[in-house]
Amino acid sequence: MAYDVVVIGTGPGGYVCAIRAAQLGLKTAVVEKDRTFGGTCLNVGCIPSKALLYASHLYEEAGRDFEKMGIKVPAPKLDLTQMMTFKQEGVDGNVKGVDFLFKKNKIDAYVGKGRIAAPGKVEVSTGNGKTETIETKSIVIATGSYVTRLAGIETDENRIVSSTGGLELSKVPDRLLVVGAGVIGLELGSVWRRLGSKVEVVEFLDRILPGMDNEIARSFQRILEKQGIKFRLASKVTGIDQKGKKLKISVEPATGGKAEILEADVALVAIGRVPYTDGLGLAEAGVKLDNKKRVIVDARFKTNVEGIYAIGDVIAGPMLAHKAEDEGIAAAENIAGNAGMVNHDAIPNVIYTFPEVASVGKTEEELKAEGIAYRIGKFPFSANGRAKVNKTTEGFVKILADDKTDRVLGVHIIGADAGTLIGEVTLAMEFGASSEDIARTCHAHPTLSEAVKEAALAVDKRAIHM
Ligand code: FAD
Ligand code: NAI
């Protein structure tokens, strides 16, 4: 069977790429090594984590806030098994959706591990030593990423877990130790804290969320501490003794020094992810990787080998589902002879805690490092009518605009619905908007989005409600 395109991997990058290729009239197939389609995001990433974040937030609200609103209910009881069923139903629904879309778009799916035997040839290992070779004009590598291991520490997905085990604990740990104050550590740390765990986070650097605007990270850390999460910054885990009933975790200052032993029931290791390029035949095919083992591509997602493209977590850039999707669309359009591009300067980033944290564009630190003069407009949710009435006043909107042109260069938000609010400013940035453009746009009242307009007004020191 000869195809126009074979996509290896069916995560958000791969499945979206295949659908767009089919829409453009290309004969398309996908290869997936796992039992279900959808990749990390749908099976063990975005979707299950958001289901648990949603359910655990409501659990906490029901016990803490309902009475204040005049809703009298008995203290909520946790049924963790049912919460996991709720999560799994969400995963199954999304995974089945991908299956349906493949059929609808007449995309052939091969189940097995794919390997590039040569440009134009993908070999699929279908099990029991059997292989099948598919001929194709173009290949898209969309194999994603996997968990970074902590040197010398094996995860058993039971007591020492990666994010995958951290989404499936059968019991709420009394004490949870999280290694890594990144997105996964803070999202899953929040889930288990809400459900009753005492959570402590050990972070190698002297700050949480490297890469995030400093002011936002500091403010977010204070909010999480108020919620009960403890942080041990500039520290490293050097070993875990699993012999006793409790894990005994050795923690040292990052620069070395005396170790302290912390006890925990479960340790969650969340120190980043690495691109998945093992066993793909890339070296033999001559596809070049960078020093972080990411596939090197040009602006059209072409590798150095004619007819081989790569997208998503396996190439450079933030490891985010929507970035992978947009690259998938662009790669398919390029293969079809169109001009597919992605503006990597306007990729939003959201942390789905409560409050949420969302950002797009440059941080203050990046602007300083690049020597770009900027003005800041800030507006707190404590001065926003809707946030006041909902009693969700934590956080603020911060807009960074070019000092001379007023063009919006970056927006950073902590707040109840930050993940949704970031959409409007991402669109504004795509259109090259100035802060004045946002300030002059009518925003519905009473909405949290008025805080975005006020922050834009604040760039010019003329916020109304502050
Ligand atoms: P993946 O989703 O990793 O898919 C790659 C696919 O390729 C997999 O199905 C894999 O089995 C398959 N594959 C690999 N090698 C082969 C082979 N040789 N042959 C056949 N198949 C192969 N991002 C967000 O934007 N928002 C979130 O809320 C979010 N939450 C997350 C929560 C967690 C706990 C984790 C771990 C990640 C989260 N992410 C989130 C990141 C997001 O999941 C990834 O950025 C996204 O899945 C990357 O998509 P991808 O298509 O590049 O790769
Ligand atoms: P991360 O890169 O976000 O954070 C890892 C953290 O671990 C960093 O703060 C790093 O300094 C720290 N660290 C590294 N080595 C360490 C060590 N030895 N000891 C202590 N700390 C150490 O990685 P994370 O949280 O594992 O997530 C992986 C990726 O998944 C992220 O890059 C993100 O793009 C994606 N993701 C996105 C989500 C979202 O969009 N809401 C949710 C979850 C994951």
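Starting from 1, each residue takes its place in the sequence as its number. Counting convention: from 1, in listed order, for ligands and their atoms alike.
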Inset, instruction - Can you run down the ring pair (Phe, Tyr, Trp, His ring centres under 6.0 Å) pairs that involve residues 19-57, sequence neighbours left out, and say none if there aren't any? - result: F37-F102, H57-F354
Legend entry - Within the protein, residues bringing a heavy atom under 4.0 Å of ligand 2, chain by chain: K50, L150, V179, G180, A181, G182, V183, I184, E187, V202, E203, F204, L205, P210, A270, I271, G272, R273, M319, L320, V350, Y352
Inset, instruction - List in chain and number order the residues that pass ring-ring contact (aromatic ring centres under 6.0 Å, His included) with Y146, two or more places apart in sequence or in another chain; answer none if no residue qualifies. - result: Y276
Legend entry - Shortest non-hydrogen separation from V251 to S235 and the atoms involved: CG1-CB, 3.8 Å
Under a 3.5 Å threshold, I'd like every N/O contact between ligand 1 and protein atoms, with atom names and distance.
residue, atom, partner, partner atom, Å
ligand 1, 2 (O), T40, N, 3.0
ligand 1, 3 (O), T40, OG1, 2.6
ligand 1, 9 (O), E32, OE1, 2.7
ligand 1, 9 (O), E32, OE2, 3.1
ligand 1, 11 (O), E32, OE2, 2.6
ligand 1, 11 (O), K33, NZ, 3.1
ligand 1, 11 (O), D34, OD2, 3.3
ligand 1, 18 (N), G114, O, 3.0
ligand 1, 19 (N), G114, N, 2.8
ligand 1, 21 (N), K33, N, 3.2
ligand 1, 23 (N), A321, N, 3.4
ligand 1, 25 (O), A321, N, 2.8
ligand 1, 25 (O), H322, ND1, 3.3
ligand 1, 28 (O), K50, NZ, 2.6
ligand 1, 30 (N), C46, N, 3.4
ligand 1, 30 (N), K50, NZ, 3.3
ligand 1, 45 (O), D313, OD1, 2.9
ligand 1, 45 (O), D313, OD2, 3.3
ligand 1, 45 (O), M319, O, 3.2
ligand 1, 45 (O), L320, N, 3.2
ligand 1, 45 (O), A321, N, 3.4
ligand 1, 47 (O), C41, N, 3.3
ligand 1, 51 (O), P12, N, 3.4
ligand 1, 51 (O), G13, N, 2.9
ligand 1, 52 (O), D313, N, 3.0

Inset, instruction - Look only at the side chain of R273 and the backbone of G144, and say whether a donor-acceptor pair between them is shorter than 3.5 Å. - result: no
Legend entry - OG1-CG distance between T420 and L448, expressed to the nearest 0.5 angstrom: 9.5 Å
Inset, instruction - State the OG1-CG distance between T10 and D99, to the nearest 0.5 angstrom. - result: 10.0 Å
Inset, instruction - Please answer whether the main-chain N or O of G312 pairs with a side-chain N or O of E327 as donor and acceptor at a distance below 3.5 Å. - result: yes
Inset, instruction - Verify, without hydrogens or angle tests, whether N304 (side chain) and G286 (backbone) share a donor-acceptor contact under 3.5 angstrom. - result: yes
Inset, instruction - Compute whether any side-chain donor of one residue and acceptor of the other, for Q221 and R218, lie under 3.5 angstrom apart. - result: no
